[in-house]
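A short worksheet on the structure shown next.
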Protein chains: 2
Amino acid sequence: MTHNYKIEFEKFFSYSLSVDCLIFGFEEGEIKLLLIKRNMDPFKGDWAIPGDLVYPEEDLEEAASRILFDLTNIKNIELHQSQTFGKPDRHPQGRVITCAYFAMVKIDEVNAIASSWANEVKWVPIQRIPKLAFDHNEIFNSSLELLRIKLSNEPICFDLLPDKFTLNELQQLYEYAYKVNLNKANFRKKIKPIPLIEHNEKQKNVKHRPAKLFSFDEHKFEKLVNQRNFRFKM
Amino acid sequence: MTHNYKIEFEKFFSYSLSVDCLIFGFEEGEIKLLLIKRNMDPFKGDWAIPGDLVYPEEDLEEAASRILFDLTNIKNIELHQSQTFGKPDRHPQGRVITCAYFAMVKIDEVNAIASSWANEVKWVPIQRIPKLAFDHNEIFNSSLELLRIKLSNEPICFDLLPDKFTLNELQQLYEYAYKVNLNKANFRKKIKPIPLIEHNEKQKNVKHRPAKLFSFDEHKFEKLVNQRNFRFKM
DNA sequence: TTAATTATTTTACTATTTACAATAAGTCAA
DNA sequence: TTGACTTATTGTAAATAGTAAAATAATTAA
């Protein structure tokens, strides 16, 4: 063996573990990431991805939930594991390995408020993320890649959109995510197989013909996936 | 802040970190995983995914390379990060977080030999993986899912196949990975856009019309990806 | 030389995607 | 109330991709 647990115990059990939570939302045609302003050293005053150290008895995902709530007041959201970052010098105060988690939320339904050692929170469009604390820019880039992959293979776009949305908003979301322009008529044809609930309600306070509002029919979607050979693909 | 680095230093810097390497290969129509037999406690005598503790000054991927070489004699392969596992009780001797890496190799080009604390190595078809040490079955399942996703979005199938392969072998690889049967003529149409080098050589020692041998044209592939809007999709 | 086996190509058909045009439905201001 | 304006929604034809089945080619073995 390349080591011996008993002799080298202290040498090997000397690392620390953190989680970072990348919370994505969609607002005014832009996909945004939730950032906090650090109230403490290191990187005091810098913007960062919300994250903190994991307790010794805590599971990783459990820690992510707790820490996200402590810093931003957001709770009860589904967190997905992203990549883990462990360069020996990534944290100035010791060997801290961080495991990134990400989630898609409806910005108007979660109520992000800075607390604990976060001074401020803000939603920043993913195309305008500033220089962040630690290696958080690297963490962001790799998680964004994962978000894009998920967007094209799972119906997570509906986690980002409000409960009732227009088809144009859905299109804008994909256009922004992939930095492309899509044809409206063809986009609607493409999403035909996805089960949506059509509401009688319409868009309000717009200066033009208001668009119909839709919701994702999750129940019907699950049925399709299980019964037929249905697969979400965008 | 939910803690203070100086006061709680020992409490938080008390974790250990390991990496586990999932090495996939392809042989006789089956995708296989490389396992080692543990020569030491805990789980002495059990089959496991090759892995060990990371040194304090070592980067994660660097550690994965070193450990893989120590245990199996395999080196110079490209490792991709998979998921991280950190349940508080996953390791009987303390809080050990493990970061999984995986790789696709050509079985006949790497020379897997057990060394260090590995008693034996063997290639096991992924559809017949036994009960493994620790939470290694969970790690395997989640990494296999990732392998499937990669197989359909990146040309990693050619990392598994020998340098020169028949189109039937390529098809068998996908059939085994997804547990499906594919139509031979249609499969060939589907792979038409992928640039392959056609050799004059043919299969040998077969009792029937030998198939032509092909290689992946990596250079042409890169050109396609960069110049046009080409995307690998299976 | 012929049967058997598998590799590879061809054909015809069906479904999906794309580009573009046309029509419908609402808002706003005169 | 009308018509200009904006956006939603539907329609159509061409191009592309996917599917099923049959035809042809190359090799081995008897």
Side-chain angles (χ1 to χ4, degrees), chain A residues 28-29 151-153 157 161-162 164-176 178-217 224 228-234, chain B residues 28-29 151-153 155 157 161-162 164-176 178-217 224-225 228-234:
Chain A
E28 290 161 10
L151 275 173
S152 64
N153 293 302
C157 48
L161 291 167
K164 293 176 180 178
F165 54 84
T166 69
L167 299 185
N168 244 22
E169 287 173 325
L170 181 60
Q171 182 173 344
Q172 276 170 17
L173 170 50
Y174 278 97
E175 289 185 327
Y176 191 81
Y178 298 113
K179 294 193 201 173
V180 290
N181 291 311
L182 303 172
N183 176 283
K184 195 184 288 193
N186 294 338
F187 182 79
R188 275 142 209 257
K189 262 187 228 170
K190 188 166 188 168
I191 62 170
K192 267 268 161 63
I194 305 171
L196 298 178
I197 298 163
E198 195 177 325
H199 295 282
N200 288 323
E201 252 175 291
K202 299 195 170 175
Q203 233 179 353
K204 271 167 195 156
N205 304 320
V206 285
K207 295 206 227 333
H208 52 74
R209 174 180 172 184
K212 234 180 280 178
L213 292 174
F214 293 84
S215 297
F216 177 51
D217 194 337
L224 279 175
R228 295 163 218 222
N229 207 12
F230 187 78
R231 241 183 98 197
F232 184 91
K233 206 87 207 57
M234 288 292 287
Chain B
E28 291 161 8
L151 274 173
S152 63
N153 294 302
C157 48
L161 290 167
K164 293 177 182 177
F165 53 85
T166 68
L167 299 186
N168 246 22
E169 286 173 327
L170 181 60
Q171 181 174 345
Q172 276 170 19
L173 171 49
Y174 279 97
E175 289 184 327
Y176 191 81
Y178 298 112
K179 295 193 201 174
V180 289
N181 291 311
L182 302 171
N183 176 284
K184 196 183 287 193
N186 295 337
F187 182 79
R188 275 142 209 254
K189 243 195 236 172
K190 188 165 189 170
I191 63 171
K192 268 267 162 63
I194 305 171
L196 298 178
I197 298 162
E198 194 176 326
H199 296 283
N200 288 323
E201 251 175 294
K202 298 194 170 177
Q203 235 178 351
K204 273 169 192 152
N205 304 320
V206 284
K207 295 205 231 330
H208 51 75
R209 173 179 174 183
K212 237 179 278 176
L213 292 175
F214 293 83
S215 295
F216 178 50
D217 194 337
L224 279 175
V225 169
R228 293 160 220 226
N229 207 12
F230 186 77
R231 242 183 98 198
F232 184 90
K233 206 86 209 59
M234 287 292 285

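Below, read A as the first sequence line, B as the second, and so on, with proteins coming before strands; counting in each chain starts at 1.
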Does B:Tyr174 use its side chain to pair, donor to acceptor, with the backbone of B:Leu151 at less than 3.5 Å? yes
State, yes or no, whether a side-chain contact exists between A:Thr166 and A:Gln171 at a heavy-atom distance under 4.5 Å. no
Side chain proximity check, B:Met234 to B:Ile191, heavy atoms < 4.5 angstrom: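 Counting from C-beta outward, B:Met234 and B:Ile191 do come under 4.5 Å.
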With sequence neighbours left out, what residues match B:Glu28 under salt bridge (charged side-chain N to carboxylate O under 4.0 Å, His left out)?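 B:Glu28: no salt bridge (charged side-chain N to carboxylate O under 4.0 Å, His left out) contacts found.
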Verdict with reasoning, B:Leu196 to B:Phe165, per side-chain contact (heavy atoms from CB on, under 4.5 Å): CA-CA 10 Å; B:Leu196 298 178; B:Phe165 53 85; 4.1 Å; yes
The first and last nucleotides of DNA chain C lying within contact of chain B, meaning any atom under 4.0 Å from one of its heavy atoms, run from C:dT6 to C:dA12
What is the per-nucleotide protein-contact pattern of nucleotides 2-18 of chain D, from the 5' end, where B denotes a base atom under 4.0 Å from a protein heavy atom, S denotes such proximity for sugar-phosphate atoms only, and - denotes neither? -----BBBBBB------
Minimum heavy-atom distance between A:Lys212 and A:Glu198, given as atom pair plus value: NZ-OE2, 2.8 Å
Any side-chain donor-acceptor pair under 3.5 Å between A:Asn183 and A:Arg188? no
